[in-house]
Protein chains: 2
Amino acid sequence: MTAPLVTILDDEPAIRTMLADALEDAGFRTLSFGRAREFEAALQTHTPDVCLVDLSLPDTDGLTVVHRLALEQGASVIIISGRAQVQDRVTGLELGADDYIIKPFDPAEVVARVRARLRSNKPVTQSRRTAKFNGWTAQFDAYTLIDDAGETTPFSHAEGEVLRLFLDSPKRLISRTQMQESLGGVANESFDRAMDVRISRLRTKLREDPKNPQLIKTIYGAGYIFLGEVSWS
Amino acid sequence: MTAPLVTILDDEPAIRTMLADALEDAGFRTLSFGRAREFEAALQTHTPDVCLVDLSLPDTDGLTVVHRLALEQGASVIIISGRAQVQDRVTGLELGADDYIIKPFDPAEVVARVRARLRSNKPVTQSRRTAKFNGWTAQFDAYTLIDDAGETTPFSHAEGEVLRLFLDSPKRLISRTQMQESLGGVANESFDRAMDVRISRLRTKLREDPKNPQLIKTIYGAGYIFLGEVSWS
DNA sequence: TGACCTTGTTACAATTCGTTATATTTTAGA
DNA sequence: TCTAAAATATAACGAATTGTAACAAGGTCA
């Protein structure tokens, strides 16, 4: 059994070596990158168990990297950032990060938090581009739904956001506030209607019976729940 | 209902209510405890998805609680502590905690971190989602009652709250004040009527004979008692 | 430019569930 | 046992929540 692989994405060489040393002392394999571009290229050939990502990068916004990682790779992501505001942490976590460490940090704590991520035995680096559920296949790359007969229906970006939210937490109540935050909506009352409309459109594409939806159920006053046996691939 | 259950273990009432309010606003169910003893007793009947644990407790060392939780329950554990030393954090995490938040904290960040734990989808004991009793099956995921002939009846969120309360404590008197607290009702007089109505509607769905209810019995002046052989799965 | 697509907004329909009103049951006390 | 008051049950109503059709604003692409 090989040691778990931890990637480090940070533009400061000093931090990279500090982290790499600490992690390797703890028995992990590491790969370090200074630019998002290099890092994403490496993902083609490596499947890390945990990814450490600094938010301030020369070539890209770190949050974009985090979002894509969490969305498409399903890898454990730990943000390392100098931005200490609560709001920064909340948005980082909402975007899919599993943890958020503030600079300056102690390498020992980073190691402990990496171990915590590994313990939580999240299904390792499982791609999140295609999901199957109840006779349907959702291809997020192609923005396409395929039914069991092979017939395809395109879905839009907005619909895909909702669908992914549901597929990420099947059989769990998703409150409207949670949905609002995940969809980046402002706490505007009329956004409530927008959410309804997105869901209504998604339901139509999933051919739900409006009187008796089988997949997306409304819980009056509480939120929505997606009932479906989901498997990602 | 199927909202994830978050437990709060902290000796300061102010912190308990602050956390409970924020989490309930976010759509979670919560249970709060001031002492480890009460908390561990509750684990006999509840299976939380995430446990928030303060380390400074009157009756036990919080770390012991954390350790036992992580080992035996497999639930996600988030430590909340005033001890800010790196060494404290490292030992907390090494003992099995999934996250470590330092006081004072912002409730929004706690909510975000709770969500992060849920996303990582530890194969949480997905128990207490279906209960069988006297020929009925209650599926809390799907908000559906199924009779022995396989016929389904949907129940609402409000009805489900009452039903879960009964199924959690069968054959035990449940006082109206107790019910009121569990249902998050204000100590408003008219909420008494609302409770009656919820129960009345639930009785209808369970096809109770109004003159002679078999499952939900009214104890005049005291409360209700649910008679039924309940088994959860 | 113009046809087409996406998505939020508006307006109104449908549903839920607490509230009110009224009926029924239970208990205390004569 | 009988009666009145208190407690509970339920029918009916309405405010709040959610669903969706229709429209409008903006974007894209030939």
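Each chain gets a letter, A, B and so on, in the order the sequences are listed, and its residues count up from 1. Just the heavy atoms: all of them, side chains too, but no hydrogens, waters or symmetry mates, feed the values below.
Under the side-chain hydrogen bond (donor to acceptor under 3.5 Å, both in side chains) criterion, B/T204 pairs with no residue, sequence neighbours left out. Residues that satisfy the salt bridge (charged side-chain N to carboxylate O under 4.0 Å, His left out) test with A/E151, not counting sequence neighbours, are absent from this structure. Residues passing the side-chain hydrogen bond (donor to acceptor under 3.5 Å, both in side chains) test with A/T153: none are found, sequence neighbours excluded.
Counting non-hydrogen atoms under 4.0 angstrom, B/Y224 reaches the backbone sugars and phosphates but no base.
Rounded to whole Å, atom P of C/dG8 lies 12 Å from atom CD of A/Q180. C/dA21 atom P lies 16 Å from atom CG of B/D196, rounded to whole Å. Note: CE (A/M195) to C1' (C/dT7) measures 15 Å, nearest angstrom. Atoms CG (A/L202) and P (C/dT6) sit 14 Å apart, rounded to a whole Å. When rounded to the nearest whole Å, the span between CG of A/D192 and P of D/dG19 equals 10 Å. If you measure from atom CG of A/L173 to atom P of D/dT18, you get 11 Å, rounded to the nearest angstrom. Regarding A/I225, its CD1 atom lies at a distance of 15 Å from the P atom of D/dT18, rounded to whole Å. Rounding to whole angstrom units, NE2 of residue B/H157 and P of C/dT16 are separated by 14 Å.
With D/dT8, D/dT18, D/dT20 as the choices, the nucleotide that has an atom nearest any side-chain atom of A/S200 turns out to be D/dT20.
Side-chain contact, B/R113 with A/Y100: no donor N or O sits under 3.5 Å from an acceptor N or O.
Applying the 4.0 Å criterion to OP1 and OP2 of D/dG19, one finds that A/T218 has a side-chain N or O inside that range. Remark: B/S156 is in phosphate contact with C/dC17, judged by side-chain N or O atoms under 4.0 Å from OP1 or OP2.
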side-chain contact (heavy atoms from CB on, under 4.5 Å) between A/R89 and A/I79, worked out = CA-CA 9 Å; A/R89 276 177 273 170; A/I79 291 178; over 6 Å; no
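No hydrogens or angles were tested; on distance alone, nothing pairs the side chain of A/R201 with the base of D/dG19 as donor and acceptor under 3.5 Å.
Taking each heavy atom of A/F155 and A/T144 in turn, the nearest pair found is CE2-N, 3.2 Å. Of all heavy-atom pairs between B/T17 and B/A14, the closest is OG1-O, 3.0 Å.
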Taking only N/O atoms, report every protein-nucleotides 2-7 of chain D pair under 3.5 Å with atom names and distance.
| unit_1 | atom_1 | unit_2 | atom_2 | d |
| --- | --- | --- | --- | --- |
| D/dA6 | N3 | B/Y220 | OH | 3.0 |
| D/dA7 | O4' | B/Y220 | OH | 2.8 |

Output side-chain donor-acceptor pairs under 3.5 Å for residues 211-219 of chain A, partner residues at least two apart or in another chain, one line each.
| unit_1 | atom_1 | unit_2 | atom_2 | d |
| --- | --- | --- | --- | --- |
| A/N212 | OD1 | A/Q214 | NE2 | 3.4 |
| A/Q214 | NE2 | A/N212 | O | 3.3 |
| A/K217 | NZ | B/A142 | O | 3.1 |
| A/T218 | OG1 | A/R203 | NH2 | 2.7 |

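Within the cation-pi definition used here (under 6.0 Å to the ring centroid, within 45° of the axis), B/R164 qualifies as a partner of B/F140.
A heavy-atom distance below 4.0 Å to DNA chain D is reached by these residues of residues 203-217 of chain A, ordered by number: A/R203, A/P210.
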